[in-house]
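Everything on this sheet refers to the single structure shown next.
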Number of protein chains: 2
Amino acid sequence: MPHDHNACPDCGLPDLAFAVHDHAHCAEQVLARAEALAQDAGARMTPVRKRVLEILLENHKALGAYDVLQRLAAEGFGNQPPVAYRALEFLVEHGFAHRIRRVNAFAACMYPGEDHAPVFLICKTCDLVAEAPAAPVRAALDAAAQAIGFSIERSNIEALGQCPACRGAA
Amino acid sequence: MPHDHNACPDCGLPDLAFAVHDHAHCAEQVLARAEALAQDAGARMTPVRKRVLEILLENHKALGAYDVLQRLAAEGFGNQPPVAYRALEFLVEHGFAHRIRRVNAFAACMYPGEDHAPVFLICKTCDLVAEAPAAPVRAALDAAAQAIGFSIERSNIEALGQCPACRGAA
DNA sequence: GCATATGTGTTATATTATAACTCGTCAATA
DNA sequence: TATTGACGAGTTATAATATAACACATATGC
Ligand SMILES: [Zn+2]
Ligand SMILES: [Zn+2]
Ligand SMILES: [Zn+2]
Ligand SMILES: [Zn+2]
């Protein structure tokens with residue numbers, strides 16, 4: 001296997017957003033794992049929180065807080081910004097979602113519980129966001145920081161460009 | 001020399017924001033280089049634009065657009081957001097400043113004209129932002145993207161943490 | 001059950017960013 | 001010389017993103 005993530009052992013599907021895959025399965029697995037992790041951590045995966053994660057998991061795009069809010073409101077949850085922001089904050093804090101600063105948006109984490117520091121590849125054409133294995137990038141970044149005595153606490157590594165499919169179409 | 005940037009040949013000072021250095025000299029050199037590059041490119045370094053760059057160059061911190069605007073307004077320039085945003089946009093487009101998305105702010109580029117894709121190290125304690133050499137990080141990122149057929153157009157690599165000085169103090 | 005912590009919903013407001021129109025300057029043209 | 005067109009700067013207005021602070025309910029731990 002050419003990756004270091006937990007691809008689904010059942011189906012062996014590729015684990016990257018850009019690849020064609022059975023996304024329903026993909027989403028279901030991630031949601032289940034997140035719920036289990038929340039339980040283990042004593043964190044409460046309440047209805048709003050779970051629903052927000054489900055919404056993010058609908059596809060591999062990043063959603064703005066207000067997009068999420070609109071969905072929540074339509075489903076009878078609160079319709080004010082804090083409702084969405086708080087749920088998103090919870091998901092990010094617990095590693096169930098990532099914040100993609102380049103586009104002021106949030107995406108479900110596809111590898112919850114794996115303590116990864118991912119790179120995000122954002123297709124500017126189809127808006128898909130892939131969370132790519134980043135160990136070598138992180139290592140290089142850590143080395144650069146260490147060389148000047150800087151200690152990194154959090155980092156974000158994001159790239160904008162075109163995914164294989166969209167590049168092929170152009 | 002342990003770096004791949006144009007340190008000043010006159011003074012041989014370290015080229016990183018966190019190091020103690022003659023910053024007046026540092027800023028003056030960068031400003032001069034930027035003005036020369038603008039001229040070469042047929043771009044007009046107008047009074048507002050130059051002033052914004054000078055303001056960013058006052059220290060190695062990143063400034064928000066509204067911080068810049070406040071300074072401009074106090075000096076008799078326009079006092080509406082587009083005045084600041086347009087000057088900042090010009091500087092970023094021409095490689096004279098960088099946008100640091102993690103903190104919604106802008107910092108002068110310390111290596112204008114060098115076609116670098118830097119890493120930003122942001123000290124959460126003193127707010128200083130260092131623009132570190134990033135060739136290895138970029139290489140790792142390019143490799144990760146290439147592995148899945150993604151073509152990168154722009155990327156941002158930012159890390160939040162503590163600089164050597166602030167870490168020493170804690 | 002009771003006390004407490006936590007989560008949700010609300011109002012209000014802060015912060016960041018852009019659209020669209022106007023005017024002045026300057027330089028190339030007719 | 002008058003005209004035009006490009007550009008930059010200033011303005012008004014508004015959009016988009018994000019948080020503070022309070023009221024109330026519900027879950028949790030005792
Ligand atoms: Zn999927
Ligand atoms: Zn695409
Ligand atoms: Zn300096
Ligand atoms: Zn510091």
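Computed from a predicted model, the values in this text were never measured in an experiment. Each chain gets a letter, A, B and so on, in the order the sequences are listed, and its residues count up from 1.
- Side-chain nitrogen and oxygen atoms of A/Y85 include none within less than 4.0 Å of the OP1 or OP2 phosphate oxygen of D/dT19.
- Within a 6.0 Å radius of CD in B/Q146, other residues, nucleotides and ligands contribute 12 heavy atoms or fewer.
- Taking atom CG on A/L88 and atom P on C/dT8, their separation rounds to 12 Å, with Å as the unit.
- Here D/dT19 presents its C1' atom at 14 Å from CG of A/L69, a figure rounded to the nearest Å.
- With rounding to whole Å, B/L72 atom CG is found 17 Å from D/dG8 atom P.
- Using a 4.0 Å heavy-atom cutoff across all strands shown, B/Y66 reaches at least one base atom of the nucleic acid.
- To the nearest angstrom, P of C/dT6 lies 13 Å from CZ of A/F90.
- The distance from atom CE of A/M45 to atom C1' of C/dT6 is 16 Å, rounded to the nearest whole Å.
- At a threshold of 4.0 angstrom between heavy atoms, the contacts of B/R49 are confined to the sugar-phosphate backbone, with no base atom among them.
- Here B/N79 does not reach the OP1 or OP2 of D/dG10: none of its side-chain N or O atoms lies under 4.0 Å away.
- Between A/D142 and A/R138, at least one side-chain nitrogen of the basic residue sits less than 4.0 Å from a carboxylate oxygen of the acidic one, meeting the salt-bridge criterion.
- OP1 or OP2 of C/dA17 sits under 4.0 Å from a side-chain N or O of B/R99.
- The interatomic distance linking A/Q80 (CD) with D/dA16 (P) rounds to 17 Å, in whole Å.
- Shown here are the side-chain hydrogen bond (donor to acceptor under 3.5 Å, both in side chains) partners of B/R101, two or more places apart in sequence or in another chain: there are none.
- Atom-to-atom, CD1 of A/I100 to C1' of D/dT17 comes out at 16 Å; the value is rounded to the nearest Å.
- Checked against D/dG10, C/dT11, C/dA17, the side chain of B/P81 finds its nearest nucleotide in C/dA17.
- Among C/dT8, D/dT11, C/dA17, the nucleotide with an atom closest to any side-chain atom of B/R86 is D/dT11.
- Among the heavy atoms of the strands lying under 4.0 Å from B/R44 are primed sugar atoms or P, OP1, OP2 only; no base atom is included.
- The existence of a salt bridge linking A/R71 and A/E58 is confirmed by a sub-4.0 Å separation between a basic side-chain nitrogen and an acidic carboxylate oxygen.
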